[in-house]
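Report on the following structure.
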Amino acid sequence: MFGIHAVEAVLRSDAQRVRRVFVQTDRRDARMNAILELAAAANVPVENCERPRLDRMTHNGRHQGVMVETAPGELGSEKELELRWPTLPQPLLLLALDGVMDPRNLGACLRSADAAGVSVVLLPKSRTAPLSEVARKSASGAAESLFIVLVSNLVRRLEWLKRQGVWVVGAAGDAADSWQAADLKQPTVLVLGGEGKGLRDLTRRTCDQLVSLPMKGAVSSLNVSVATGILLFEAVRQRSG
């Protein structure tokens, strides 16, 4: 977790999760001093490091000279998402899963998300597989490294993302646009539905654009984790120039 606001918030509200604070060597101002005081009060070790190291550890995120290493904890909240929003790496790439009920599929989606550099994964509270040991094993460590947020109402959160300037692209087998027709270089959230039924109707209507993957053989659709990987790495391809 990185950025002044996010680090200060976790030190104030959940300091027991924080294992270490990394502080940019040449940054010492009132806001940084406040963070150092919070770390000292919670007996959290502080390590000074040069900016290039912070850049590497945060994947060139807007760290503002400070990062914390935290122990695995509960999934992120929507309030935490809003708090960390200004510090997320640009251009944003998010993944929303609408009703993925198989834990192995969930884990495989998370693994692809981590590999593609996804900033946030959104999971609905009421319609998703639990992040169980089966899902974590399928994710191969991605469940611990990703920022995963449980949302009470996926459609409402997608509408919030749209107000933040994020383009909402949903995957649907009957969509007229090809998967390569979407402009994924801009801040984007890719939305994929669950096994069998795909996206719910209200989720579909909330998307700015629907895209499909061509089926050339006898099968009518792809596994959700395979489709997730294809669309995420189309975004990677486009952003690589």
Side-chain angles (χ1 to χ4, degrees), residues 1-96 107 109-123 125 130-131 133 135-137 139-152 157 160-161 164 166 187 189:
M1 191 179 299
F2 51 88
I4 293 287
H5 290 297
V7 168
E8 184 175 0
V10 74
L11 284 171
R12 288 188 185 279
S13 64
D14 203 9
Q16 67 270 18
R17 278 186 60 202
V18 181
R19 292 174 171 170
R20 188 176 303 272
V21 180
F22 296 88
V23 176
Q24 188 171 312
T25 303
D26 58 357
R27 172 157 188 182
R28 289 296 184 275
D29 52 35
R31 299 178 75 189
M32 192 64 73
N33 288 339
I35 285 175
L36 294 174
E37 289 174 6
L38 288 170
N43 294 316
V44 177
V46 175
E47 182 174 332
N48 293 305
C49 57
E50 301 297 325
R51 177 166 183 169
R53 185 182 174 198
L54 277 173
D55 290 341
R56 289 194 300 273
M57 289 192 294
T58 61
H59 304 287
N60 294 313
R62 295 168 58 189
H63 53 72
Q64 299 175 296
V66 64
M67 186 195 86
V68 293
E69 175 189 354
T70 62
E74 297 297 322
L75 299 183
S77 67
E78 294 180 78
K79 185 172 182 61
E80 185 180 358
L81 171 63
E82 295 179 11
L83 179 70
R84 292 174 60 171
W85 187 257
T87 71
L88 296 176
Q90 299 291 334
L92 287 165
L93 179 60
L94 298 87
L95 174 66
C109 289
L110 296 179
R111 185 173 183 175
S112 294
D114 180 73
V118 166
S119 298
V120 184
V121 177
L122 303 177
L123 301 177
K125 289 181 179 179
L131 197 55
E133 289 305 311
R136 290 179 185 273
K137 183 176 180 180
S140 300
E144 285 68 45
S145 61
L146 285 165
F147 180 29
I148 304 172
V149 178
L150 283 178
V151 298
S152 57
R157 185 50 59 177
W160 180 85
L161 289 175
Q164 312 312 309
V166 178
V189 55

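In this text, all values refer to a predicted model and were calculated from it rather than measured experimentally.
- The shortest distance between side-chain heavy atoms of Leu161 and Leu94 falls below 4.5 Å.
- Here the shortest heavy-atom pairing between Leu38 and Glu8 reads CD1-CG, 3.8 Å.
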Subject >> Steps toward side chain to side chain contact (heavy atoms under 4.5 Å, CB included) verdict (Leu75, Phe147) >> reply: CA-CA 8 Å; Leu75 299 183; Phe147 180 29; over 6 Å; no
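- The closest side-chain heavy-atom distance from Val18 to Glu69 is not below 4.5 Å.
- For the residue pair Ala113 and Leu95, the shortest heavy atom distance occurs at CB-CD2, 4.0 Å.
- Taking Ala42 as the reference, Ala15, Val44 meet the side-chain contact (heavy atoms from CB on, under 4.5 Å) condition, with sequence neighbours excluded.
- The two residues Gln90 and Pro187 make their nearest non-hydrogen contact at OE1-CG, 4.5 Å.
- Residue pairs meeting the salt bridge (Lys or Arg N to Asp or Glu O under 4.0 Å) criterion with at least one partner in residues 35-47, sequence neighbours excluded, are Arg20-Glu47, Glu47-Arg53.
- The stretch residues 84-95 participates, sequence neighbours left out, in these salt bridge (Lys or Arg N to Asp or Glu O under 4.0 Å) pairs: Glu80-Arg84.
- At distances below 3.5 Å, not a single donor-acceptor pair connects side-chain atoms of Asp114 with backbone N or O atoms of Leu110.
- Applying the side-chain contact (heavy atoms from CB on, under 4.5 Å) rule to Arg157 yields the partners Glu78, Leu81, Glu82, Leu122, Val151, Trp160; only residues at least two apart in sequence or on another chain are considered.
- Considering only residues two or more places apart in sequence or on other chains, Pro89 meets the side-chain contact (heavy atoms from CB on, under 4.5 Å) condition with Phe2, Ser119.
- Residues passing the side-chain contact (heavy atoms from CB on, under 4.5 Å) test with Gln24 are Asp26, Arg27, Arg51, Leu54, His63, sequence neighbours excluded.
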